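Written below as structure tokens is the structure these notes are about.
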Amino acid sequence: MTPSAEAAERFPGGRLPAIDTPASAYGNDVRPGPRGQPNADDLAGIAERQRQQGHPATALRLAQRVLAYAPDNPQAIQTRISSLANLGAHRRADQLREQYRPDWPQATQERFHADVATAAIRDGTQEQARLERRHRYATSNLELVKSLETLNANLERFPAASEARQRTRVDRLIVLRQLNRFDAVIADYRALQRDSIVVPSYAKGAVGDAYLARRQPEVAAELYRNAIDANPQAPLSVRTGYYYALIESENYAAAGEVLAQMDIDTPIWRSRPNATASPVPNWERSEVDRLRVLDATYRHHEAAALEQARGLYRQAPRNTDVIDGLATAQRSRGWYEQAQATAELAAAYAPGDQATRLNIAENAQDLENFPRWQHTIEPLAAQFPTDSAIRRNRLEWQDRQHFSLEGQGSFGRSHGGNAVNGSQDGEYQLRLNSPWSEGGYRAYVEQSYRWGDYDEGTERHDREGGGVERQWLRRHWWAGLSGEHFSHDLGLELGWSQWLDDRWQYQLRTQTQSPETPLRAERDDLDGRLYQAQLTWRQNESREATLTLGALDISDGNLRSDAAADLTQRIQASAHHQTRLIGSLSAEHNSQSEADYYNPEDTRSMGLALEHDWLTWRRYNHAFTQNLTLGAASEWERGYGSAAGYDVTYGHTWQLTRTWSIHYGVGWGQHDYEGERERRWLGQFGFEGVL
């Protein structure tokens, strides 16, 4: 074979001699033909050597020259077909192969069939992307389905141990992944492993996608890493897949390093063809920038995420992906009405876009626009049954059609005084909710029980009741009746709550047989009528303030009025840790200080509490969180002066499934009541879930 250097010297820069030049212009080894043209066999041989040495374009032009005056030359025909295949024109090469049927070995024939299938996969993938950009999802997979049928036919055609069959099995991984048939991808990949067939790096990204979709992120991360190690210039989809696999493995440190490297390796502009040409945008940069917004959200850096999303929106105000990212960032801050307005803008530009429609559904859920939520998510789930985010949102919608159960209880033991709780005390509440109706109504039944041991004996009080509530458009009202054994001391509870916008909420509530009535007053057949108003201001996910005003009118003539205010500020947040500082003020006044129950004329309190949540372990719908609260307060009681109060609680929260969770904890505190120092231990337990 002619060395590559010699081939380059024969045709510098790939330039061929003019068509009408003599044979000597092609080289001293080319003889003249019968009509002054170069000898067809000599020139065809040179063309084949050019192809074998990595110059298929030059070889193709040489072969076509030969065929212009010697159309039946077998070497030129074969070189033309092979060069077309080398250049990626597999379909045209296969058409010519069928037309001329060159006398090739069986392995070469099989390679051409495999090449045609590979070309169909490439074209089908491009067609899928083109149609999805135009939101024509119903027909976007048609070409890929045809490619899969071709691959399946080739598997039947090719011998079991042939190279073409092994290549076809690998190509099938790519097609199945593009069709989101993840279980089939994993099954085929394991079959290749059992047959000791090495899967090339370009296909490992597709297998990684399948394992990630089936919630095996550690396996997926290993596959992505192998693909990137084999090819540092791996497609962006492989590198983003690696990032998501690390996130879902809860390895945020490594995910941050991967994202930082993507940020470095993905410039805003591609290289210019020359110094005077306009720069070519690198559209992959947009995907990296949007991923940086999501990464900040994952790490609970919502302010940074919103700032980045706003910056992208200023640069591309009509890009629906950017607009959807901005809506998501706004929603993460609790600004649901702003997020809805932003999502509506994206819907105006691209009403059929999958991500935009999901954003509309999630915003409708947060805004409690339940009819719109249903009418958006149901068609989405039918159209995209394999999308995990859509499937989860639909499941949350379906939860509303099920009964739900919730309960909580506590047990305390006090030492050094029993003015408030007694030496031992406990309580629990259980509530069973019916499914929600289409209009946002549901019924509920509940039971509550309280008891306490005092010097004068044990006091117990239990109530059962039921009611109805409605929740819609961020408005909530409820009405219920409760009494002892559903008959004695029947009491009415009415409530109304409404968000005025993304910042302000108010709530009004009244009870005619309030459970806030002291147990000792209940012992004397006293009852309390509660009136309460609450105003909440929520700046964002990190800062919130609440003002509560209440009055308890006890039937012995005592009017207990109170006011409380608190401000919550998140002071630290990361993927697995959040810390909040809570400042509180409260005051209470009783119109009658002489009573058989704890009833000081005036009390005041000013406190500060530190709360920390540590998400210790998480695996998709399962999670374990540790909760710690430290509190200190300066408390004052008329007639006894001021004293310090302390509280500490430690607990666990388990997310058992997507819909069931439990929490429990222990606490200890010290407070002064009527001048006596009371030390109290407390245990708590609660649960909630969908039946």
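Only a predicted model underlies this, so the values are computations on that prediction, with no experimental measurement involved. In this chain, residues are counted from 1 in sequence order.
What you find for T320 and A346 is that their closest heavy atoms are CG2-O, 3.9 Å. In terms of heavy-atom proximity, S147 sits nearest to A120 at OG-O, 3.2 Å.
Counted by atom type alone, H300 and E541 present zero donor-acceptor pairs between their side chains at under 3.5 Å. Between the side chains of E248 and Y620, at least one donor N or O lies within less than 3.5 Å of an accepting N or O.
Residues passing the salt bridge (charged side-chain N to carboxylate O under 4.0 Å, His left out) test with R194: none are found, sequence neighbours excluded. Take D41 and apply the salt bridge (charged side-chain N to carboxylate O under 4.0 Å, His left out) test, not counting sequence neighbours, and it matches no residue. Shown here are the ring-ring contact (aromatic ring centres under 6.0 Å, His included) partners of F384, two or more places apart in sequence or in another chain: Y137. By the salt bridge (charged side-chain N to carboxylate O under 4.0 Å, His left out) test, R61 pairs with no residue at all, sequence neighbours left out. For E149, there are no salt bridge (charged side-chain N to carboxylate O under 4.0 Å, His left out) partners two or more places apart in sequence or in a different chain.
Ring planes of Y242 and Y224: tilted class, angle from 30 to 60°. Taking the six-membered ring for Trp and thresholds of 30 and 60 degrees, Y298 and Y243 have nearly parallel ring planes, at less than 30 degrees apart.
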Discussion item. Test side-chain contact (heavy atoms from CB on, under 4.5 Å) on L16 and R65; report intermediate values, then the result.
Written reply: CA-CA 10 Å; L16 299 180; R65 284 194 179 184; 3.8 Å; yes
Side chains of residues 172-181: which donor-acceptor partners sit under 3.5 Å, not counting sequence neighbours?
residue: R172; atom: NE; partner: N152; partner atom: OD1; Å: 2.9
residue: R172; atom: NH1; partner: D188; partner atom: OD1; Å: 3.3
residue: R172; atom: NH1; partner: D188; partner atom: OD2; Å: 2.3
residue: R177; atom: NE; partner: D209; partner atom: OD2; Å: 2.7
residue: R177; atom: NH1; partner: N180; partner atom: OD1; Å: 3.1
residue: Q178; atom: NE2; partner: Q128; partner atom: OE1; Å: 2.7
residue: N180; atom: ND2; partner: T386; partner atom: OG1; Å: 3.4

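Using a 4.0 Å cut-off between charged side-chain N and carboxylate O, E287 and R290 make no salt bridge.
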